[in-house]
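Written below as structure tokens is the structure these notes are about.
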Amino acid sequence: MKTRFLFPHQWRKVGVCLFILGLVVIGLYRYFDDQIVTWQFKRHHAGLEDYEELIPDVFLLLLIFGLFLIAFTKEKIEDEQLMQLRLDSLQWSIYLNYAILVVCILAVDSWHFFINIAAHYIFTPLVFFIIRFRWAVYQSNRLLNSED
């Protein structure tokens, strides 16, 4: 994986902040559901006013952007071994994601699948990649430290 496609290392902190903010607000929103005040905007369509809630949309986007920045920022020292670990982790996460998807398709009724499970597949490749890559980096550093 070429490093020219990765974000600068400092952006990881921004990604973590966006992810945590999005996770906290979405969690509170789901917990309190209709009890919290939501931002709404009017959209005029064919003379009718349509209200849409912005909180879930905006904070789901924060989750996605946060995960994206966490997953695709450079390390302090980016070398060929890290590039290979990154590529292997990305491939592993896609395999795992689609294996779980196939199991869910076979095990869950299709209508319930689309409502309850499919929405989670927006996040799972990034989450699986981050977990796998961080674990591979940890194992690699542990191996290097044990050799010294």
Side-chain angles (χ1 to χ4, degrees), residues 1-79 82-142:
M1 181 177 286
K2 299 286 184 185
T3 58
R4 68 176 185 239
F5 298 122
L6 298 175
F7 296 104
H9 177 71
Q10 298 82 8
W11 288 24
R12 180 171 294 139
K13 292 177 185 174
V14 174
V16 169
C17 291
L18 291 175
F19 175 72
I20 291 172
L21 177 65
L23 196 63
V24 167
V25 173
I26 288 295
L28 289 173
Y29 182 79
R30 291 185 65 139
Y31 181 74
F32 291 111
D33 202 17
D34 294 328
Q35 298 174 7
I36 63 174
V37 177
T38 59
W39 298 333
Q40 296 180 340
F41 71 96
K42 295 180 183 180
R43 183 180 63 189
H44 298 284
H45 180 67
L48 300 173
E49 294 180 355
D50 187 19
Y51 294 96
E52 294 186 28
E53 296 177 357
L54 285 178
I55 285 182
D57 298 338
V58 169
F59 290 102
L60 282 175
L61 288 174
L62 287 179
L63 282 174
I64 292 170
F65 290 137
L67 285 171
F68 197 78
L69 288 175
I70 292 169
F72 299 114
T73 53
K74 292 180 184 178
E75 296 296 312
K76 286 184 180 180
I77 300 171
E78 192 76 29
D79 59 2
L82 276 178
M83 290 186 343
Q84 187 62 42
L85 287 175
R86 191 181 304 276
L87 184 61
D88 292 344
S89 298
L90 185 60
Q91 184 178 12
W92 180 89
S93 69
I94 296 300
Y95 286 161
L96 178 63
N97 189 60
Y98 279 98
I100 292 172
L101 181 63
V102 166
V103 169
C104 288
I105 288 171
L106 296 174
V108 179
D109 182 32
S110 63
W111 181 250
H112 296 292
F113 171 77
F114 287 115
I115 293 173
N116 297 321
I117 297 173
H120 296 352
Y121 279 88
I122 296 169
F123 304 105
T124 53
L126 288 172
V127 171
F128 291 156
F129 169 74
I130 291 168
I131 292 169
R132 170 73 167 138
F133 179 64
R134 290 286 138 217
W135 179 255
V137 169
Y138 170 76
Q139 292 286 37
S140 175
N141 288 339
R142 198 170 119 201

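- Residues passing the side-chain contact (heavy atoms from CB on, under 4.5 Å) test with Leu18, sequence neighbours excluded: Val14, Leu62, Phe65, Leu69.
- Put simply, the side chain of Ser89 gets close to the backbone of Leu85: a donor and an acceptor are under 3.5 Å apart.
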*Mind running side chain to side chain contact (heavy atoms under 4.5 Å, CB included) on Arg86 and Glu78 for me, showing each step along the way?*
CA-CA 10 Å; Arg86 191 181 304 276; Glu78 192 76 29; 3.1 Å; yes
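- Every residue meeting the side-chain contact (heavy atoms from CB on, under 4.5 Å) condition with Leu23, not counting sequence neighbours, appears here in chain and number order: Phe19, Leu63.
- Not counting sequence neighbours, the partners of Tyr95 by the side-chain hydrogen bond (donor to acceptor under 3.5 Å, both in side chains) test are Gln91.
- Across Ile130 and Ala71, no two heavy atoms sit closer than the pair CG1-CB, 3.7 Å.
- Sorted by first and then second residue, the side chain to side chain donor-acceptor pair (under 3.5 Å) pairs involving residues 12-21 (not counting sequence neighbours) are Arg12-Thr73, Arg12-Glu75.
- Counting heavy-atom neighbours within 6.0 Å of Ile77 CD1, excluding the residue itself, gives a total of 12 or less.
- Taking NE2 from His9 and NZ from Lys74, the interatomic distance works out to 11.5 Å, rounded to the nearest 0.5 Å.
- Ile100 pairs by the side-chain contact (heavy atoms from CB on, under 4.5 Å) definition with Leu96, Cys104, Tyr121, Phe128, not counting sequence neighbours.
- Each of Leu90, Leu87, Leu82 was checked for a side-chain contact (heavy atoms from CB on, under 4.5 Å) with Phe133, and the lone residue meeting it is Leu82.
- Here CD of Gln139 is found 5.0 Å from CZ of Arg142. Values are rounded to the nearest 0.5 Å.
- When each of Phe123, Phe68, Phe72, Trp92 is paired with Phe129, the ring pair (Phe, Tyr, Trp, His ring centres under 6.0 Å) condition holds for Phe72 and for no other.
- At a threshold of 4.5 Å between non-hydrogen side-chain atoms, the residues Leu101 and Asn97 do not count as touching.
- Checked against side-chain contact (heavy atoms from CB on, under 4.5 Å), Ile131 has the following partners two or more places apart in sequence or in another chain: Val127.
- Judged as a ring-ring contact (aromatic ring centres under 6.0 Å, His included), and not counting sequence neighbours, the contacts of Trp135 are Tyr138.
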